[in-house]
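Computed from a predicted structure; not experimentally measured. Residue numbers start from 1 in every chain, and the chains themselves are labelled A, B, ... in the order their sequence lines are given, proteins ahead of strands.
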Number of protein chains: 4
Amino acid sequence: MKVRNLKPEKRAAILKAAVKVFARSGFYTSKVSDVAQEAGVADGTIYVYFKNKDDLLISLFEDKMVDILQNFRDALSGIVHAYKKLERFLYIYFEMIRQDPLLAEVFQVELRQSDKFLKDYHNQNFLDYLNIIGDILHQGVEDGIFRSDLNVGVMKIMIFGAIDEVARQWILGADAKYSLEEAAEQVSKTILNGIEIKL
Amino acid sequence: MKVRNLKPEKRAAILKAAVKVFARSGFYTSKVSDVAQEAGVADGTIYVYFKNKDDLLISLFEDKMVDILQNFRDALSGIVHAYKKLERFLYIYFEMIRQDPLLAEVFQVELRQSDKFLKDYHNQNFLDYLNIIGDILHQGVEDGIFRSDLNVGVMKIMIFGAIDEVARQWILGADAKYSLEEAAEQVSKTILNGIEIKL
Amino acid sequence: MKVRNLKPEKRAAILKAAVKVFARSGFYTSKVSDVAQEAGVADGTIYVYFKNKDDLLISLFEDKMVDILQNFRDALSGIVHAYKKLERFLYIYFEMIRQDPLLAEVFQVELRQSDKFLKDYHNQNFLDYLNIIGDILHQGVEDGIFRSDLNVGVMKIMIFGAIDEVARQWILGADAKYSLEEAAEQVSKTILNGIEIKL
Amino acid sequence: MKVRNLKPEKRAAILKAAVKVFARSGFYTSKVSDVAQEAGVADGTIYVYFKNKDDLLISLFEDKMVDILQNFRDALSGIVHAYKKLERFLYIYFEMIRQDPLLAEVFQVELRQSDKFLKDYHNQNFLDYLNIIGDILHQGVEDGIFRSDLNVGVMKIMIFGAIDEVARQWILGADAKYSLEEAAEQVSKTILNGIEIKL
DNA sequence: GATGAATGAGCCTTCATTCAT
DNA sequence: AATGAATGAAGGCTCATTCAT
């Protein structure tokens with residue numbers, strides 16, 4: 001009658017540690033024992049809460065994606081105008097990055113690895129995420145706000161890639177020396193400019 | 001003094017094999033022996049031509065980047081107008097992807113990994129590449145073709161991210177079902193639309 | 001002083017579960033948690049009743065051996081003739097196997113493992129068991145029923161090995177397709193034939 | 001063009017070391033690194049020659065079994081009389097044990113473990129071995145030398161078990177204090193006595 | 001006593017790299 | 001230069017055991 005009574009806060013602590021460690025060293029060069037140490041638990045405890053190292057990364061992704069999706073849906077639900085919606089979406093995106101850059105790095109840097117992840121592991125949450133953008137674009141086209149020749153399938157990916165990379169370079173702090181606010185405004189203006197119907 | 005008598009064609013064969021293998025399985029999950037097998041050489045031969053596994057990936061990147069940069073410079077040298085230059089740049093970009101998707105995948109998927117590469121290893125070629133875009137943008141702003149409030153540092157990265165992701169999803173063939181031609185046109189139109197001065 | 005309030009029926013349940021699990025998967029490839037699950041108790045409970053995993057196997061053996069020995073002694077006590085005694089012994093042996101094949105498999109398969117058990121752990125019960133056979137043989141020789149040149153030390157082991165293996169192959173059900181009844185009769189006839197004095 | 005050029009003598013050395021180590025400590029409590037050390041090679045070398053630890057045990061068994069089978073066939077080929085054949089078989093058996101007790105212990109003690117081995121892994125060599133005995137019995141029955149009511153399927157297993165256990169206890173040196181010569185003679189006499197037709 | 005989450009020692013296995021041929 | 005057998009460091013994962021509840 002084994003009743004699983006795992007502590008959600010310990011699971012969360014491990015995920016949080018994993019974010020930190022993976023962001024610092026990358027998934028493959030990170031050791032499970034590094035995550036354990038960061039989380040202040042024994043190595044074996046990781047395996048009480050996660051199936052294996054891969055599962056740690058996937059869980060990380062899925063867990064947070066659910067929150068993110070909810071975040072976006074809540075924030076956008078009250079807005080009717082597609083233009084305003086997209087503007088708001090972009091604002092929220094960069095705001096989230098600002099608040100949790102480590103996590104963002106794990107998402108962006110690590111989940112790009114095809115094998116085992118975005119390739120094999122088919123990711124519904126990621127598709128849902130893309131479709132938030134897609135839905136806004138669709139609506140905008142229907143409402144006659146965005147260009148009628150927009151290929152939404154292409155555009156949603158383009159927008160994702162654009163903001164993702166701008167955020168990523170900001171996090172890495174490498175070449176790009178700009179504030180996220182500035183970036184958000186620039187990206188927002190250009191994209192909205194680029195897709196709206198010109199008068 | 002050790003006189004090296006290395007055969008450039010063998011080096012090239014190994015790099016070509018590395019592209020294939022890394023694209024298929026990812027850098028970390030690929031084995032040096034996989035690359036050797038694909039190249040038709042012995043494991044040890046890899047180490048005659050490259051210092052280690054990391055060097056293989058970096059060499060891959062640098063070698064090809066030099067070609068790519070030359071490609072762009074040649075193609076853009078005859079064009080004076082910034083708008084046409086950017087249009088041409090985007091066209092060439094997607095054309096390259098179409099011709100060598102495997103290589104593109106290695107670039108895009110694997111070089112995103114921070115550790116040891118884009119983070120520690122400071123990549124001048126990548127910066128040069130970004131600056132091709134940057135230079136076009138600068139010129140366009142100076143020529144009064146692109147919006148004067150463009151933050152070129154943000155925009156060049158945004159454009160890179162946009163086209164990179166569109167190409168990447170096309171390669172992965174996952175959600176995105178579109179032709180590269182269609183994508184090129186869509187991306188081109190939106191970006192140019194977005195950054196040019198509205199009349 | 002710690003006053004133990006252990007429930008004998010729980011201890012028995014654990015041992016019974018251990019028999020099942022060890023027989024199914026072997027001692028080393030079985031997990032303590034498998035035994036716990038099979039017994040319907042928590043992992044930790046095993047350690048309330050047994051010192052460790054090894055102790056579980058040894059207890060299993062010793063507990064059951066006491067029963068088995070008593071069984072044999074009861075059954076043989078009324079028989080005077082050595083020939084009849086041995087005949088009866090063999091009959092009872094196969095009958096026990098038939099009634100509890102799982103346990104038999106644990107005995108036969110697992111206790112063969114030298115390390116920690118039959119080698120280090122000196123097993124008086126096993127010796128007592130062998131000596132039931134040995135005593136019958138001794139008596140038979142003294143009574144002039146069995147060959148006077150019998151080396152009882154060898155013969156008791158030979159008989160043990162013979163019946164053990166016949167039973168074991170029957171349990172495994174591998175190559176051997178025979179009924180235990182048939183086997184018992186064959187073995188009995190051959191052994192008795194082989195050791196009795198020829199007229 | 002990777003040409004496997006593994007050295008058979010190194011493979012043999014590893015197997016020999018494995019015999020020693022497994023006999024000493026048992027398969028499960030032995031470490032691969034113990035075998036490597038005993039063989040004087042690096043841990044990794046084991047995996048050049050064998051797939052994994054299990055494969056080491058199975059290879060051990062199969063390799064030696066082939067030799068043993070050949071040994072028996074050669075030795076028995078010149079003998080026509082079934083009685084003499086069986087007598088010779090038993091003599092050779094104990095002689096082999098005497099010459100290589102360690103190997104015998106691995107066979108007898110370790111291969112009894114059901115899981116992964118005699119159970120899952122279906123073993124043709126073992127069956128061939130049993131059938132050497134079986135064939136002699138068959139012939140003896142047909143030639144009117146052995147009892148016509150012999151169930152060969154039971155008897156071959158009984159004989160195997162008998163000699164196996166006698167040898168095993170001799171190796172363990174536990175309770176049984178007898179010479180192998182004495183044992184061979186005792187077992188041989190009893191079995192032959194037991195199965196031949198009484199006049 | 002019973003529980004099961006937590007522990008961490010230990011081991012198999014992988015694979016980048018070396019080096020004798 | 002080319003080879004590939006050999007190496008051994010390193011790490012993911014298991015699971016017997018403990019102990020706070």
Closest-nucleotide 5' rank along DNA chain F - winner of D/A42 and B/K7: B/K7
Heavy-atom side-chain proximity of D/I14 to D/L56 below 4.5 angstrom: yes
B/Q37 atom CD: more than 12 heavy-atom contacts under 6.0 Å: no
Atom pair distance, as rounded to whole Å: CD1 in D/I46 and C1' in F/dA5: 14 Å
Interatomic distance where CG belongs to D/L6 and P belongs to F/dT3 [whole Å]: 17 Å
Candidate nucleotides F/dT7, E/dT3, E/dT7, ranked by approach to the side chain of A/T45 - the nearest: E/dT7
Sub-4.5 Å side-chain heavy-atom contact between C/E62 and C/I58: yes
Proximity to the side chain of B/V48 - top-ranked nucleotide from F/dA2, E/dA2, E/dA6: F/dA2
Nearest-angstrom distance from the residue atom CG of D/D55 to P of E/dT13: 10 Å
Atom pair distance, as rounded to whole Å: CD1 in D/I14 and C1' in F/dA5: 11 Å
Watson-Crick or G-U pairs under 3.5 Å in DNA chain E, rendered as dot-bracket with [ ] for crossing pairs and | for another strand: .||||||||||||||||||||
Close side-chain approach of C/F22 to C/V35, heavy-atom, < 4.5 Å: yes
Test side chain to side chain donor-acceptor pair (under 3.5 Å) applied to D/D100 - qualifying residues, sequence neighbours left out: none
Aromatic C/F27 / basic C/K53 pairing, under 6.0 angstrom, 45° off normal: yes
Sugar-phosphate, base or nothing in reach of A/Y49, heavy atoms under 4.0 Å: sugar-phosphate
Pairwise side-chain contact, D/V41 with D/Y49, heavy-atom cut-off 4.5 Å (strictly under): no
Where protein sits on nucleotides 11-21 of chain F, one letter per nucleotide: B base, S sugar-phosphate only, - none, heavy atoms under 4.0 Å: SSBBSSBB---
Salt bridge present between A/R11 and A/D63 (N-O < 4.0 angstrom): yes
Minimum side-chain heavy-atom gap C/V32-C/Y47 below 4.5 Å: yes
Pairwise 5' ranking along DNA chain F for D/V41 and B/K10, keeping only the more 5' one: B/K10
